[in-house]
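Take a look at the structure set out below.
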Amino acid sequence: MNKFIVHGPTRLRGEVEISGAKNAVVAILPATLLVDGVSHIENVPRISDVRIIMDILRSLGAEVEWQDNVLTVDSRRITSCEVDYKYAKKLRASYYFMGSLLGRCGKAVVALPGGCALGARPIDQHIKTFKGLGAEVRIEHGSVYCTSASLNSTHIYFDVVSVGATINAMLGACKAKGLTILENVAKEPHIVDVANFLNAMGANISGAGTDVIKIRGVARLGGGSYAVIPDQIEAGTFMMAAAATRGDVLVRNVIPKHMECISGKLREMNVGVEEFDDSIRVFVDRPLQNARVKTMPYPGFPTDMQPQTAVLMATVEGTGSIKESIWESRFRYTEELKRMGADITVSGETATINGGAKLTGAPVKACDLRAGAAMIIAGLVANGRTEIEEIEYIERGYEDIVRKFNALGANIERVTED
Ligand code: UD1
């Protein structure tokens with residue numbers, strides 16, 4: 001079993017470089033299947049989710065090579081259009097292979113990933129889009145079967161704002177005949193990044209980042225190079241960690257515009273935030289005050305920053321609250337924080353945090369990827385030794401997290417025990 005041992009407390013100081021965006025890369029790599037050529041993807045983070053997607057691409061016949069942070073995918077020869085359960089169960093983003101294989105081969109058989117730590121994750125909006133594009137879709141034997149002799153344009157109004165369904169619709173539509181219009185789409189930075197990647201390969205997509213995306217189908221996508229944007233959530237995690245430890249950290253390689261929802265909340269709490277062209281300094285030079293947060297689709301406050309923010313709130317005198325409006329089971333980590341001394345009450349969609357209690361190190365577990373990051377921040381704040389189990393969740397999405405925190409003065413060890 002692998003664990004992180006965090007020795008606290010620590011005041012983080014120094015500079016940290018942010019990696020490429022996980023949520024962009026887990027969509028861009030499946031999207032390379034639409035390319036009839038070779039794609040060079042730069043700024044790819046070395047995380048386990050990427051390794052799983054590489055295995056899936058190889059199982060479909062693509063040739064994949066990874067050198068430094070550049071991943072090269074040669075998808076000229078595709079030999080299968082089926083993603084097996086052994087891969088799909090490890091990665092929710094395997095659903096992007098539905099859109100990309102349908103667009104590439106006119107057929108996709110992708111195993112459903114099953115249950116998830118964040119709650120139910122329906123895919124009805126993805127299926128609605130594939131049907132709109134003219135595909136026949138059925139769910140049998142634990143897999144989604146999509147088939148279509150030829151994909152045609154469609155006009156979709158999404159019932160919920162969904163990152164995954166928006167991206168899958170772009171993947172399915174970019175080679176469909178005619179003009180597809182998608183309304184009530186998600187606007188996250190990685191939606192724009194996937195559209196930019198597809199356009200760089202020859203697609204014709206406009207409006208990504210607004211409420212309406214228009215896709216004019218093209219016959220072919222050729223190869224090329226593309227650099228993935230910096231990870232908004234990794235950057236936000238280090239910003240929260242700097243504030244929670246009352247540190248002073250320059251977070252480098254970020255797009256400050258993408259961070260505004262997080263920077264704004266930190267400023268409201270009296271945290272110092274200074275923006276530069278591609279970096280943000282976070283520091284604390286006066287008493288902080290607690291706040292209220294409601295998670296929303298972008299440009300609202302990201303649900304993926306919710307657990308890290310709860311740790312900061314637990315360190316601040318006064319009462320703070322978080323309303324979770326995206327995922328039904330995202331507060332499980334609060335039980336772990338309570339074991340470290342935090343005073344948190346969860347009622348329905350809202351967590352109320354009575355901040356200011358002294359946290360003490362304890363054995364805890366990472367309930368999911370972002371909850372795991374929150375446990376590290378709590379360990380940095382707490383007095384004594386925090387042992388974090390189930391760190392595989394954390395390593396799915398954070399490149400070199402131990403090295404990056406330790407370079408800021410943290411004392412974290414990664415240990416393997418029988
Ligand atoms: C993506 C992110 C995840 C983040 C989430 C919300 C990736 C790989 N993952 O997940 O980290 O927490 O966005 O920002 O990018 N829904 C439906 N029907 C559907 C699809 C979604 O009802 O067909 C609902 C979901 O239950 C949820 C909400 O829509 O309540 C948002 O989900 P969605 O944006 O699709 O999340 P993911 O793309 O799975």
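For ligands, and for the atoms within them, numbers begin at 1 and follow the listed sequence.
- T303 and R370 are not linked by any side-chain donor-acceptor pair at a separation below 3.5 angstrom, with hydrogens and angles left out of the test.
- Of all protein heavy atoms, the one lying nearest to atom 37 (P) of ligand 1 is Y95 OH, 3.2 Å.
- In this model, no donor atom of one side chain and acceptor atom of the other lie less than 3.5 Å apart for N2 and E395.
- For ligand 1, the atoms sitting less than 4.0 Å from at least one non-hydrogen atom of H126 are 23 (O), numbered in the order shown with element in parentheses.
- With contacts defined as side-chain heavy-atom distances shorter than 4.5 Å, the pair V293/Q306 does not qualify.
- Below 30°, between 30° and 60°, or above 60°: for Y226 and F197 the angle between ring planes is above 60°, a perpendicular geometry.
- Looking only at heavy atoms of the protein, atom 18 (N) of ligand 1 is closest to D124 OD1, 2.8 Å.
- Heavy-atom distances between K128 and ligand 1 stay at or above 4.0 Å for every pair.
- In this structure, Y298 has no heavy atom closer than 4.0 Å to ligand 1.
- The shortest contact between atom 1 (C) of ligand 1 and any protein heavy atom is with V163 CB, 3.9 Å.
- Near R121, the atoms of ligand 1 lying under 4.0 angstrom from a non-hydrogen atom of the residue are 10 (O), 37 (P), 39 (O).
- Closest protein heavy atom to atom 25 (C) of ligand 1: W327 CZ3, 3.7 Å.
- Environment of CD in E42: crowded, with over 12 heavy atoms of neighbouring residues, nucleotides or ligands closer than 6.0 Å.
- E275 and R267 are joined by a salt bridge, as a carboxylate oxygen and a charged side-chain nitrogen come within less than 4.0 angstrom of each other.
- Ring orientation note: the planes of Y298 and H258 are nearly perpendicular, at an angle over 60° on the 30°/60° scale.
- Counting non-hydrogen atoms of other residues, nucleotides and ligands closer than 6.0 Å to CD of E183 gives a total above 12.
- For ligand 1, the atoms lying closer than 4.0 Å to a non-hydrogen atom of R330 are 12 (O).
- With hydrogens and angles left out, the side-chain atoms of Q308 and T237 include a donor and acceptor closer than 3.5 Å.
- For atom 12 (O) of ligand 1, the nearest non-hydrogen atom from the set D304, D368, V160 belongs to D304.
- Within ligand 1, counting atoms from 1 as listed, the ones closer than 4.0 Å to a heavy atom of G164 are 35 (O), 38 (O).
- Residue L369 places no heavy atom under 4.0 Å from ligand 1.
- Considering backbone and side-chain atoms alike, K22 places every N or O at 3.5 Å or more from each N or O of ligand 1.
- Nearest-residue assignment for atom 20 (C) of ligand 1 (options P122, A165, S325; heavy-atom criterion): P122.
- Near T303, meaning under 4.0 Å from one of its heavy atoms, ligand 1 places the atoms 6 (C), 12 (O), 14 (O).
- In V161, the part holding a heavy atom less than 4.0 Å from any atom of ligand 1 is the backbone.
- With a 6.0 Å cutoff to the six-membered ring centre and a 45° limit on the axis angle, R46 counts as a cation-pi contact of W66.
- The number of heavy atoms from other shown groups lying within 6.0 Å of NZ (K338) is above 12.
- Using a 4.0 Å cut-off to heavy atoms of Q125, the atoms of ligand 1 that qualify are 18 (N), 19 (C), 23 (O).
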